[in-house]
Protein chains: 2
Amino acid sequence: MADSRQQKATAELLKAFSHPTRLSILQELLAGPRCVTDMEEILPARQANISQHLAVLRHARLVDYAQDGVLKCYYLCRPKLVKDLLTLMGRDEPMVIRTAKEIKAEKKRLADMSESSRSIEISAAVTSGVKRRSRVR
Amino acid sequence: MADSRQQKATAELLKAFSHPTRLSILQELLAGPRCVTDMEEILPARQANISQHLAVLRHARLVDYAQDGVLKCYYLCRPKLVKDLLTLMGRDEPMVIRTAKEIKAEKKRLADMSESSRSIEISAAVTSGVKRRSRVR
DNA sequence: ACATAATATTCAAAAAATCGAATATGTGAA
DNA sequence: TTCACATATTCGATTTTTTGAATATTATGT
């Protein structure tokens with residue numbers, strides 16, 4: 001697991017989020033569908049540029065639109081994803097600071113915990129051909 | 001609200017996440033602290049490149065390290081943020097498809113709901129100098 | 001059919017991100 | 001001190017992203 005294809009897909013999706021203008025668009029769409037003209041009123045960007053960002057969001061399947069006469073009514077394809085991601089980014093978490101000592105202590109704790117299943121670990125390592133090249137201090 | 005400075009900061013933080021190699025590093029660090037050599041064994045990237053990505057993650061304050069002899073033991077500064085973000089991206093949400101009709105119906109519902117507080121809305125719009133340029137269908 | 005408003009696309013230039021290669025730095029051991 | 005190992009930085013080349021300007025497309029009303 002921890003597939004590299006998955007990481008690539010995730011990175012692409014995250015990239016679609018990673019622009020101030022696109023974040024503002026998503027934030028706005030969270031409040032409900034909007035046409036491009038509505039967005040022009042709110043965003044400090046030209047029409048063409050907004051259209052370009054909408055194209056990025058469409059390709060990422062984050063938004064889609066419903067044609068309404070001359071207007072294109074944009075909406076979120078995955079509102080929960082957008083809402084939860086934006087909420088998450090708004091949160092702030094106290095920064096952790098760790099020391100080498102503390103980390104070693106934790107490693108030891110984890111090693112002791114899996115003491116009982118040691119033989120299983122070893123055989124798994126052997127059958128998968130794992131080699132430890134790096135120093136273990 | 002919906003500050004453009006906030007969007008810029010958020011976009012920068014998200015950019016730090018938005019690379020397959022960096023996602024793999026974060027995923028790996030979720031399991032516990034790792035030194036660069038450990039990561040070299042796992043990632044399909046050269047040492048210099050991994051260091052470069054670690055620098056990006058450090059600047060975003062997503063990781064930091066504790067010096068342990070020759071080794072640098074990298075760890076997550078904000079493990080909850082990383083865990084929750086990765087979990088979120090792993091989830092999949094059914095894509096919503098909406099029609100112009102449905103959207104109009106929803107707008108009407110919302111408009112009716114705020115019927116009682118109409119006068120407040122109008123005065124707010126007037127005092128903030130709001131002008132509606134776009135068509136309302 | 002035509003004009004118009006709303007939106008999209010194309011193109012070229014500028015800015016930013018990525019990567020490998022080479023080199024530099026820092027730490028502990030001998 | 002000197003060496004070796006672990007990691008970081010710099011530099012230049014390549015690729016990707018972003019943007020404005022110009023232009024194209026599409027739906028509607030006349």
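Since this is a predicted model, take the numbers as computed values, not measurements. Labels below follow one simple rule: chain letters A, B, ... track the order of the sequence lines, proteins then strands, and each chain is numbered from 1.
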- Between B:Glu28 and B:Leu30, is there a donor-acceptor pair closer than 3.5 Å when you use the side chain of the first and the backbone of the second? no
- Ignoring hydrogens and angles, does a donor from either the side chain of A:Gln52 or the base of C:dT10 sit under 3.5 Å from an acceptor on the other? yes
- Message: Strictly below 4.0 Å: does A:Thr37 bring a side-chain N or O up to OP1 or OP2 of C:dT7?
- Response: yes
- Can you check the A:Asp68 CG to D:dA27 C1' distance for me, whole Å? 11 Å
- Task: Say whether, by atom type as modelled, one donor and one acceptor occur between the side chain of A:Asp112 and the main chain of A:Arg109 under 3.5 angstrom.
- Result: no
- Nucleotide D:dT16, atom P - distance to CD of A:Glu12 in whole Å: 11 Å
- Query: What is the distance, rounded to the nearest whole Å, between atom NZ of B:Lys8 and atom C1' of C:dA16?
  - Reply: 13 Å
- Item | Heavy-atom donor-acceptor pair, B:Glu93 side chain to A:Lys80 backbone, under 3.5 Å | yes
- Message: For C:dA8 and A:Tyr74 - does any side-chain N or O of the residue sit under 4.0 Å from the phosphate oxygens OP1/OP2?
- Response: yes
- Query: How many Å lie between NE2 on A:His59 and C1' on C:dA8, as a whole number?
  - Reply: 11 Å
- Query: Between A:Lys15 and A:Ser51, who's closer to the 5' end of DNA chain C by nearest nucleotide?
  - Reply: A:Ser51
- Query: Considering only D:dT17, D:dA8, C:dC11, which nucleotide approaches the side chain of B:Arg58 most closely?
  - Reply: D:dA8
- Query: Does a donor on one side chain and an acceptor on the other come within less than 3.5 Å for B:Tyr74 and B:Arg58?
  - Reply: yes
- Determine the contact category for B:Gln67: base if any of its heavy atoms lies under 4.0 Å from a base atom, sugar-phosphate if only primed atoms, P, OP1 or OP2 are that close, otherwise nothing. sugar-phosphate
- Does D:dT19 have OP1 or OP2 sitting under 4.0 Å from an N or O in the side chain of A:Arg46? no
- Task: Could you tell me the separation between the CG atom of B:Leu57 and the P atom of C:dT18, rounded to a whole number of Å?
- Result: 11 Å
- Query: So does A:His53 get a side-chain nitrogen or oxygen closer than 4.0 Å to the phosphate oxygens (OP1/OP2) of D:dT19?
  - Reply: yes
- Of the nucleotides D:dT9, D:dC5, D:dA8, which has the atom closest to the B:Val36 side chain? D:dA8
- Task: Test for a donor-acceptor pair under 3.5 Å between the base of C:dG20 and the side chain of B:Gln47, counting only N and O atoms.
- Result: no
- Whole Å only: how far is the CG atom of B:Leu54 from the P atom of D:dT7? 9 Å
- Task: For A:His19 and for A:Ala48, locate the closest nucleotide of DNA chain D by heavy-atom distance; then report the residue assigned to the nucleotide nearer the 5' terminus.
- Result: A:His19
- Note on the structure: By nearest-nucleotide position on DNA chain C, the 5'-leaning member of B:Thr21 and A:Asn49 is A:Asn49
- Message: Checking the side chain of B:Arg22 only, and the main-chain atoms of B:Lys15 only, is there a donor and an acceptor separated by less than 3.5 Å?
- Response: yes
- Task: Send over the distance from B:Leu43 CG to C:dC19 P, rounded to a whole Å.
- Result: 12 Å
